[in-house]
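Following: one structure in structure tokens, then a few remarks.
Protein chains get the first letters and strands the later ones, always in sequence-line order, with residue 1 at the start of each. Worth knowing before you read on, the calculation uses all heavy atoms, side chains too, and leaves out hydrogens, waters and symmetry mates.
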Number of protein chains: 2
Amino acid sequence: MPARKKAAPAKATRDREATEQRFIEAAARVIARDGAAGLGVNAIAAEAGADKKLIYRYFGGLDGLLEAMGANTAVWIGDALSASKGDYGQRMGAVFAAYAGNLRGDPVLQKLLAWELAGPSDTLRRIDAARSKAMYAVMPKLRGDEKPPEGVDAPAVNAILLAALHYLTLRGATMGGFSGLSLKTEADWKRAMAAFDGLLARTYETD
Amino acid sequence: MPARKKAAPAKATRDREATEQRFIEAAARVIARDGAAGLGVNAIAAEAGADKKLIYRYFGGLDGLLEAMGANTAVWIGDALSASKGDYGQRMGAVFAAYAGNLRGDPVLQKLLAWELAGPSDTLRRIDAARSKAMYAVMPKLRGDEKPPEGVDAPAVNAILLAALHYLTLRGATMGGFSGLSLKTEADWKRAMAAFDGLLARTYETD
DNA sequence: GCCGTATGTCACCAACTAGTGACAAATGGA
DNA sequence: TCCATTTGTCACTAGTTGGTGACATACGGC
């Protein structure tokens, strides 16, 4: 065998767009599997089967890659938009239920939410920005024309209920339950959401 | 100057108990400051001003040290035990309010709770064990003889409300708010807790 | 065909990590 | 006083990290 220095490199497809996509999907897989900890160029490059150098060349670094990944996460809401009817409480109940189901099936979003609670991070804040913007834009449409009953601080109440939803979802995924409430099976979640609906209905009921 | 190889070591007090305590307090400071990320023997030893070798000698490693730190965290509950009176809902309201205040002032506990959501960890589970045990033991005493109204799944409702409290506290500490609800100032929290009390009262009110 | 450029690969660096062996020095008992 | 044990210090290994420079190779325009 003559003077070829290296044996046989250049197996890859030599397609920038495809490679970028591989990195983005690899980043999502790493986050879904390991969470924010252990998230780095080495792990992502290994997962993608490509060289980390390309992360710097194509995305400018880890931050750029994560931002691109966040931009690809677009859907995840608005499903329950058409089916919502009834008074304010019923509509919000439908929204919360749909959102809870989506969140429970999206490990990447779960890890992102958990990461937010670990501490402030510029990277994370940029990833989150697009999502939050979409969320706030959709909210008025979800509400429709219905108004919450007087004497109820609806924004605060909704934030509290959404917070509970987030926390219970994360605890269910990591510890399988919280404060004596099991959150493993579908039946567990049915019970939890029933209590949730009761809470919501009693607060927003129109006397 | 004769053949003394090293200049002048041995400044420390040569007191094992005091050194162990220094490590435990240093670990708590590091967690409060940096959270679970960046938590390691090097950082803790530097914070304590002692050698990391002693962590292995005295605690058997990082896990042992963190466990000892968790064991020292004992108080933080039961303050609102005597003052609670009224029906079930009112008693629970007092408990939640006291708990929220304690949690908001305890950055170490906050980081521990956030860490739990990042993923399962044997270390963490052991740290948490003692705390949870104390919590569950106190609960019946907090309730007193009052019983929740029929038709309400009180354990589930309480778990939901406690989940919301945890999540809002963590979001307030890291991002300063959640879902449009600001959680920075005392006034912000007063508003949040007012909505919280409303939620609780409407659910546990005896018709 | 030829050649510049884009794409991919590898080797290396400095800095950090967890963990350990060897040693100095203070303490306390005999 | 002597000596064993404990307490503390330091140096070192091996591995991982983020990041970069140098290089090989394929592609596309001319």
> Nearest-Å distance, OH (A/Tyr56) to P (D/dG18)?
Replying inline: 6 Å

> Roughly, in whole Å, what's the span from CD1 in B/Ile55 to P in D/dT9?
Replying inline: 13 Å

> How long is the line joining CG of B/Leu65 and C1' of C/dG19, in whole Å?
Replying inline: 15 Å

> Separation of A/Asp51 atom CG from C/dC10 atom P, in whole Å?
Replying inline: 8 Å

> So, is A/Thr19 near the phosphate of C/dT7, with a side-chain N or O under 4.0 Å from OP1 or OP2?
Replying inline: no

> Starting at the 5' end of DNA chain D, which residue's closest nucleotide do you reach first, A/Arg57 or A/Gly38?
Replying inline: A/Gly38

> Can you tell me if B/Tyr204 and B/Asn158 form a side-chain donor-acceptor pair at under 3.5 Å?
Replying inline: yes

>> Output the rounded distance in Å from CG (B/Leu54) to P (C/dG19).
In response: 15 Å

> Taking N and O atoms by type only, does the side chain of A/Lys52 place a donor or acceptor under 3.5 Å from a partner on the base of D/dG19?
Replying inline: yes

>> I want to confirm an ordering. Mapping A/Val41 and A/Lys53 to their closest nucleotides on DNA chain D, which one lands closer to the 5' end?
In response: A/Val41

> Does B/Tyr58 put a side-chain nitrogen or oxygen below 4.0 Å from OP1 or OP2 of D/dT6?
Replying inline: no

>> So, applying ring pair (Phe, Tyr, Trp, His ring centres under 6.0 Å) with B/His166, which one of B/Phe96, B/Tyr99, B/Phe178 is it?
In response: B/Tyr99

> Separation of A/Glu17 atom CD from C/dT7 atom C1', in whole Å?
Replying inline: 14 Å

>> Rounding to an integer number of Å, can you tell me how far A/Asp15 CG sits from C/dG8 P?
In response: 7 Å

>> Salt bridge or not between B/Arg33 and B/Glu47? Use side-chain N to carboxylate O under 4.0 Å.
In response: yes

>> Please evaluate residues A/Leu181 and A/Asp188 with respect to the criterion side chain to side chain contact (heavy atoms under 4.5 Å, CB included), reporting the C-alpha separation (whole Å), side-chain torsions for both, the decisive distance (0.1 Å), and the verdict.
In response: CA-CA 8 Å; A/Leu181 180 67; A/Asp188 290 337; over 6 Å; no

> Do the side chain of B/Arg14 and the base of C/dA25 come within less than 3.5 angstrom through a donor-acceptor pair of N or O atoms?
Replying inline: yes

> Going by an N to O cut-off under 4.0 Å, is there a salt bridge joining A/Glu186 and A/Lys190?
Replying inline: no

> So does B/Asn42 get a side-chain nitrogen or oxygen closer than 4.0 Å to the phosphate oxygens (OP1/OP2) of C/dA18?
Replying inline: yes

>> Nearest whole Å is fine: how far is C/dT7 P from A/Phe59 CZ?
In response: 12 Å

